[in-house]
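What follows is a single structure, written as structure tokens, with notes after it.
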Amino acid sequence: MSLKSERRGIHVDQSELLCKKGCGYYGNSAWQGFCSKCWREEYQKARQRQIQEDWELAERLQREEEEAFASSQSSQGAQALTFSKFEGKKTNEKSRKVTTVKKFFSTSSRGGPKKEIQEAKAASPSINRQASLETDRVSKEFIEFLKTFHKTGQEIYKQTKSFLEVMYHKRELSIEEQSECMQDFYQNVAERLQTRGKVPPEKMEKVMDQIEKYVMTRLYKYVFCPETTDDEKKDLAVQKRIRALHWVTPQMLCVPVNEEIPEVSDMVVKAITDIIEMDSKRVPRDKLACITKCSKHIFNAIKITKNEPASADDFLPTLIYIVLKGNPPRLQSNIQYITRFCNPSRLMTGEDGYYFTNLCCAVAFIEKLDAQSLNLSQEDFDRYMSGQTSPKKQESEPWAPDACLGVRQMYKNLDLLSQLNERQERLMSQAKKLEKDLIDWTDGIAKEVQDIVEKYPLDLKPPSQPLAAIDSENVENDKLPPPLQPQVYAG
Amino acid sequence: GGAGASGGRAYSFKVVLLGEGCVGKTSLVLRYCENKFNDKHITTLQASFLTKKLNIGGKRVNLAIWDTAGQERFHALGPIYYRDSNGAILVYDITDEDSFQKVKNWVKELRKMLGNEICLCIVGNKIDLEKERHVSVQEAETYAESVGAKHYHTSAKQNKGIEELFLDLCKRMIETAQVDERAKGNGSSQQGAARRGVQIIDDEPQGQSSGGCCSSG
């Protein structure tokens, strides 16, 4: 049922609009189907539950850690060397361990539990809440994941936790230094996992991915587009630049994709959606996955159009076109963030790294794009850039290259209508002409007839002799044999 | 440190593919990775990023081949592509003098940006069209030697010289990597090694150690 109505899109049952709690007021999808009042109540409850769970989790973790610490005392000899870097800090921290653990599981690393409760009272469902829920979910997943590694898992947890603590204190440093720390961390962890942790190579990638996810979900809000950099300024510059280039057509870029084919235009739309979605992800690897998904859709579009596997000669222009059409938010910030904080082994030789490199190329191309790179004359380029004229006018397509499907369809229909109108007018004038011809023709005939009638007037002459009988003039009647008489034969 | 890439380790190499539009770069890699030429049944969706696993004398190599956009308008983007690459394959068409000039430009750039760290291969493709040759063998080979590159002749159509080209390149990259490792092994700074240039990943499945890990906890 629900599937059916979803597919139709327009059909909405009256009951679906009402508050899920059945209070009689209308609900809102932004409040998960509740009305504002019920949502506030539900949210408060969920928040309290969440806080409770966080506390429990934190306490459990602390217990686990203490046990692990006690058990590791025996094998301290080997470990002291490995973790010597963190060991000093650990003893210092022992007294305030509880708060530290809790800190990592609270909404913001800055605020203590008190602030949280205040927030709950204020009860404003905001993005912050979503973010903290995601952070908690990721933490739980991470701990669940590490459990499968037993002791090594605990070591990993300790290491990442210490690292987060270190990073927390390094927030004031430049982003390059923080990035350097992150890169060192990836390398150290990987080395330790292999040598001390004895993590089998086939599991290494997964472990590293989980660590990246856990750490970067937490660090995201401090290190993504930080105020200490001009990332934001660059974002705005690129965005403005792309907007100024709205007139660039696929033909100018020699994009080997034919959007007239419905499947191809589908792929183009999907690719644009993917690249825009990148901004909503927090983990560098997830951002990379969006770029890869976008690239696969581009390859599909090329494959359908050209019927052969895409080379870089095909791929890069199409990616540039997709970026120009999509104008993805915070493009530079995302690129910088991935460069600084992604696990380098992924960026270096992997497939994701290749597509990411192409995206960097696309942005670099867009920034430096000039008349020559579009095979235009400087005059044309300047005129298009200043908005004096638009290249679209010379072509048959009147819609903007970034118009949505609906608008395109509308323009197509308008075009069709104007063509129909033209034909209609032609038809009307032809019909009028025909009518006139017909009238002329009847007039002409009438006139001709008139002329003939005038030329040969009808005068009836009286008959010369009266008609006696029909056969009177037939002289040969006499020669005819007499009519047959009935005869009777005796016999 | 050292040249200890023998037991259980694999080299990961990044190789960039450079060449003008119609020189047959795509055909070359598709022939190498899929053993197909102009085939309507090519299953791969794309030929811009391809990988190949090799085993050269017991050394395992993971090759990642990065195709680059060869159009003139994208020329300035080259450095973004070939950063951190271990090898470069520069392809020209033996029937097209211009494409050879293009190769010369790239060589100059690569040497300027990456120095002698990178293994260069200059490849004259389409030797099946020997009659229409416009780049002399002598000239091409002399030039390659003068810039410290190796020269190869290939035909993607007839599957000539391609296997040899990649095998030879891999051997040279392994050598370079080993020299690099030794140099880094002597010095104390090992940290930067894994981040740039060659990466050595331990990916030998070690059944016993994985079991040991899980049971010890």
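Residue numbers start from 1 in every chain, and the chains themselves are labelled A, B, ... in the order their sequence lines are given, proteins ahead of strands.
A heavy-atom distance below 4.5 Å is not found between the side chains of A:Leu316 and B:Thr68. Contact check for A:Cys361 versus B:Phe74: no side-chain heavy atoms found under the 4.5 Å cut-off.
Each of A:Cys360, A:Ala364, A:Pro317 has some count of heavy-atom pairs under 4.5 Å with chain B, and the biggest count is that of A:Pro317.
Using a 3.5 Å distance cut-off with no hydrogens or angles, the side chains of B:Asp67 and A:Tyr354 do not pair a donor with an acceptor.
The number of heavy atoms from other shown groups lying within 6.0 Å of CD (B:Glu117) does not exceed 12. The environment of A:Lys206 atom NZ is sparse: at most 12 non-hydrogen atoms of other residues, nucleotides or ligands sit within 6.0 angstrom. Atom CD of A:Gln372 has 12 or fewer neighbouring heavy atoms from other residues, nucleotides or ligands inside a 6.0 Å radius. Atom NZ of B:Lys104 sits in a crowded spot, with more than 12 heavy atoms from other residues, nucleotides or ligands closer than 6.0 Å. No more than 12 heavy-atom neighbours from other residues, nucleotides or ligands sit within 6.0 angstrom of NZ on B:Lys157.
Atom-to-atom distance recorded for A:Ser295:OG and B:Phe49:CZ is 11.5 Å, nearest 0.5 angstrom. For the atom pair OG (A:Ser373) and NE2 (B:His75), the distance works out to 14.0 Å, reported to the nearest 0.5 Å. With values rounded to the nearest 0.5 angstrom, B:Gln46 atom CD is found 10.0 Å from A:Lys303 atom NZ.
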Apply side chain to side chain contact (heavy atoms under 4.5 Å, CB included) to the pair A:Cys254 and B:Arg73, showing each step before the final yes or no. CA-CA 11 Å; A:Cys254 304; B:Arg73 60 170 83 172; 3.5 Å; yes
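For a residue to count as touching a neighbouring chain, one of its non-hydrogen atoms must lie under 4.5 Å from one of that chain's; by this rule A:Ile304 does not touch chain B. For A:Leu369, no part lies near chain B; criterion is any non-hydrogen pair under 4.5 Å. The contact between A:Asn300 and chain B is made by backbone and side chain atoms together, counting heavy-atom distances below 4.5 Å. There is no contact between A:Tyr186 and chain B, counting heavy-atom distances below 4.5 Å.
A donor-acceptor distance shorter than 3.5 angstrom exists from the side chain of B:Gln71 to the backbone of A:Asp313, with no hydrogens or angles considered.
The two residues B:Ser48 and A:Ala312 come nearest to each other via the heavy atoms CB-N, 3.7 Å. In this structure, A:Gly350 and B:Trp66 approach most closely via the heavy-atom pair O-CZ2, 4.2 Å. Taking all atoms of both residues into account, the shortest heavy-atom contact from A:Thr357 to B:Ile80 is CG2-O, 3.5 Å.
Just one of B:Val29, B:Leu50, B:Thr44 meets the side chain to side chain contact (heavy atoms under 4.5 Å, CB included) condition when paired with A:Pro309; it is B:Thr44.
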